Amino acid sequence: MATLERLRGRLAELKVHYFLESRDAEDNRLKEYKAAVILQSAFRGWRVRAYLRYLHRMMTVIQKWWRGYLARKYFRSKVKTAHFIMKMNFYNEMAVRIQKRWRGYYVRKYVHNYYALKKYLQAVSIKGSIVRKELGEYAEMMANEKMKKELELEERRKNYLARKTHYLLSTEQVAGIYNSPFKQCPDEMEFRLQRARPLSHKDRPPKKGYNYGISDCSDWLDCRLRFAFPTLKPLPPIGKKKVQGPFRDTAEVLQQRYKPLEATLRVATSISSVEEARKELQSKEWSKVIHNDMFAPFSSYHTNEPYKPMIHTSTDYNGASYGMQQFRDEQEEQWVSNKDFKTVFTPIPVFDKFGQTYSKAGNIV
C-alpha cells in the first residue's frame, strides 16, 4: 500500500515524463525511419550484388564448359573432314595411277598397236593399188567411149555433108572437086559422095529461130494465149509512105475483135453464195463461242437442263477456296495417294555433296 501511495504521489511527474518521452520519440521517428531505410537499402544492395557476383561466377563456369564443348566438337569435325579429304585425295591419286596404267595398256594394245597398224597400212596400200587400177581401167573405158562417140558424130556429120553436097559428085564427063586429075587417087569425100544418098527436102531439119506469123498459129482464134498477137509494132516499109486516113494498127484491130469473153456478175457469182456466206458466219460465231440458245430468264426453260459440273469440282484435284486459307497449305485429306512424290531419276551425286566436301586448302566446295 505504501508503494501504491508513492506511485500515486509521483503520478503527475510520471505523466510529464511520459509526455516528454513520447514527444522525443515522435520527433525522432522520421530520423529513425530514414536511418532504417538507409540500412535496409544498403543491406539489400549488398545482398543483391553478392548474388549477382555469384551468378556471374556460375555463368562464367557454364559458358566455359559450353564453349569448351563446342570447340572440341568443332575441332573433331575439322579433324574428321581433314582426314576424309586426305583419304579422298589419296584414293583419287591411286585411281589416277590405275587409270593411267590401264589406258596406256589399252592404247598400246588396241589403239596404237604397231603390228596391227602395219598390217592395216599394208592392206590399205593393196586396196589403194586395186582401186587405182580399177579407176585407170574405168578412165580408159570412158576415154574410149568418148572417142567412139566423137568418131560416130564426126562420121555422121561427114555423111550428112556428103548427102547435102551430093551435087559435087564426079560424072563420066566432068570430074568433081574431090576427084582431081592431078592426084594419083581421088579424095575420101569422093567415095562418100558415091555411097551417100541425096538429101531431100523432107529429110532437112527445120531452121532454128523461125518466127511463125498469125496465119501459122493454130490457136490464134482462141485468143487465150498471152502472146497470141504481136506486141511489138512492125517496122515501117522502106521506100513507102504511110497511108493517109484514120486507119488503126492491124494487131490492135485483131486484138479488139477477138478479145476474150468477160463474164457478167450473175455468171461470175455462185448460185449458193448466200448459203455459203451464212455457213461462214456461223463458223465464225462458233469460233468466238457465241451460241444461238434462246434466253428466257422468267420461264422454266432452264429447269430441265442437266447439271454440268466443272473439271476442278468433279475430279479429285479440287481447286483451292479463295480467301478462306492460304493457297500453299497442304491438304492431306485431298491427296490422291498417301505416298510422297518420287522423281523418276536419282539426283546427281555431285549436287548431293555440295557444301559437304572440302578442298586441300580447307575451303568448302
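Note that the coordinates shown come from a computational prediction; the quantities given were computed from them, not determined experimentally. Count residues from 1 along the sequence.
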Salt bridge (Lys or Arg N to Asp or Glu O under 4.0 Å) evaluation trace for Glu26 with Arg23: CA-CA 5 Å; Glu26 190 67 26; Arg23 188 174 61 180; over 6 Å; no
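- To the nearest 0.5 Å, atom CZ of residue Phe19 and atom CG of residue Asp24 are 9.5 Å apart.
- The number of heavy atoms from other shown groups lying within 6.0 Å of NZ (Lys87) is above 12.
- Scanning both residues, Thr165 and Leu193, for their nearest heavy atoms gives O-CD2, 3.2 Å.
- Interatomic distance, CG of Leu151 versus CZ of Arg156, reported as 11.5 Å (0.5 Å rounding).
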For side-chain contact (heavy atoms from CB on, under 4.5 Å), just list the numbers for Met59 and His56, CA-CA rounded to whole Å, side-chain angles, deciding distance to a tenth of an Å, and then say yes or no. CA-CA 5 Å; Met59 290 300 298; His56 288 164; 5.8 Å; no
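- Classification of Arg29 and Glu32 as a salt-bridged pair fails, no side-chain N sitting under 4.0 Å from a carboxylate O.
- Expressed to the nearest 0.5 Å, how far CD of Gln63 lies from OG1 of Thr60 amounts to 6.0 Å.
- Between the His166 side chain and the Arg197 main chain, no donor and acceptor come within less than 3.5 Å of each other.
- By the 4.5 Å heavy-atom criterion applied to side chains, Tyr114 and Lys118 are counted as neighbours.
- Remark: side-chain polar atoms of Asn92 are paired, donor with acceptor, to backbone N or O of Met88 under 3.5 angstrom.
- Look at Glu188 and Arg192 and you find a salt bridge, because one of the NZ, NE, NH1 or NH2 atoms lies within 4.0 Å of a carboxylate O, short of that distance.
- Residue Leu169 is not grouped with residue Phe191 when hydrophobic side chains (ILVMFWY) are merged at heavy-atom distances under 4.5 angstrom, including chains of intermediate members.
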Given Tyr258 and Leu254, is the side-chain contact (heavy atoms from CB on, under 4.5 Å) satisfied, shown in steps? CA-CA 6 Å; Tyr258 299 104; Leu254 290 175; 3.9 Å; yes
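- Contact annotation: the side chain of Arg278 approaches that of Val274 to within less than 4.5 Å [non-hydrogen atoms, C-beta and beyond].
- Met58 CE: more than 12 foreign heavy atoms inside a 6.0 Å radius.
- If you chain together hydrophobic residues whose side chains sit under 4.5 Å apart, Ile177 and Tyr167 fall into the same group.
- Neither Ile85 nor Val79 shares a network with the other; the hydrophobic side chains, linked directly or stepwise wherever heavy atoms of I, L, V, M, F, W or Y lie under 4.5 Å apart, form separate groups for each.
- Taking every heavy atom of both residues into account, Arg163 and Ala196 meet most closely at CG-CB, 3.9 Å.
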Arg72 vs Phe75, side-chain contact (heavy atoms from CB on, under 4.5 Å): CA-CA, chis, key distance, verdict: CA-CA 5 Å; Arg72 287 189 296 273; Phe75 181 74; 5.7 Å; no
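- Residue Tyr105 is grouped with residue Val107 when hydrophobic side chains (ILVMFWY) are merged at heavy-atom distances under 4.5 angstrom, including chains of intermediate members.
- For the atom pair CG of Leu153 and NZ of Lys149, the computed distance is 11.0 Å after rounding to the nearest 0.5 Å.
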Evaluate the criterion side-chain contact (heavy atoms from CB on, under 4.5 Å) for residue pair Lys31 and Asn28; output intermediate values, then yes/no. CA-CA 5 Å; Lys31 295 180 180 179; Asn28 296 325; 4.3 Å; yes
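- Applying side-chain contact (heavy atoms from CB on, under 4.5 Å) to Asn144 and the options Lys146, Lys148, Glu140 leaves one that passes, Glu140.
- Distance check: Tyr91 OH to Met86 CE gives 9.5 Å after rounding to the nearest 0.5 Å.
- Taken together through direct or relayed side-chain contacts under 4.5 Å among Ile, Leu, Val, Met, Phe, Trp and Tyr, Trp66 and Val61 form parts of separate hydrophobic clusters.
- Around atom CE of Met94, more than 12 heavy atoms belonging to other residues, nucleotides or ligands sit under 6.0 Å away.
- Ser22 OG to His17 NE2: the interatomic distance, rounded to the nearest 0.5 Å, is 9.5 Å.
- Closest of all the heavy-atom pairs between Glu190 and Tyr178 is OE1-CB, 3.6 Å.
- A side-chain donor-acceptor contact under 3.5 Å links Ser125 to the backbone of Gln122.
- Counting only distance, with no hydrogens or angles, the side chain of Ser170 and the backbone of Ala175 share no donor-acceptor pair below 3.5 Å.
- A salt bridge is defined here as a Lys NZ or Arg NE, NH1 or NH2 lying under 4.0 Å from an Asp or Glu carboxylate O, and Arg97 with Glu93 meets this definition.
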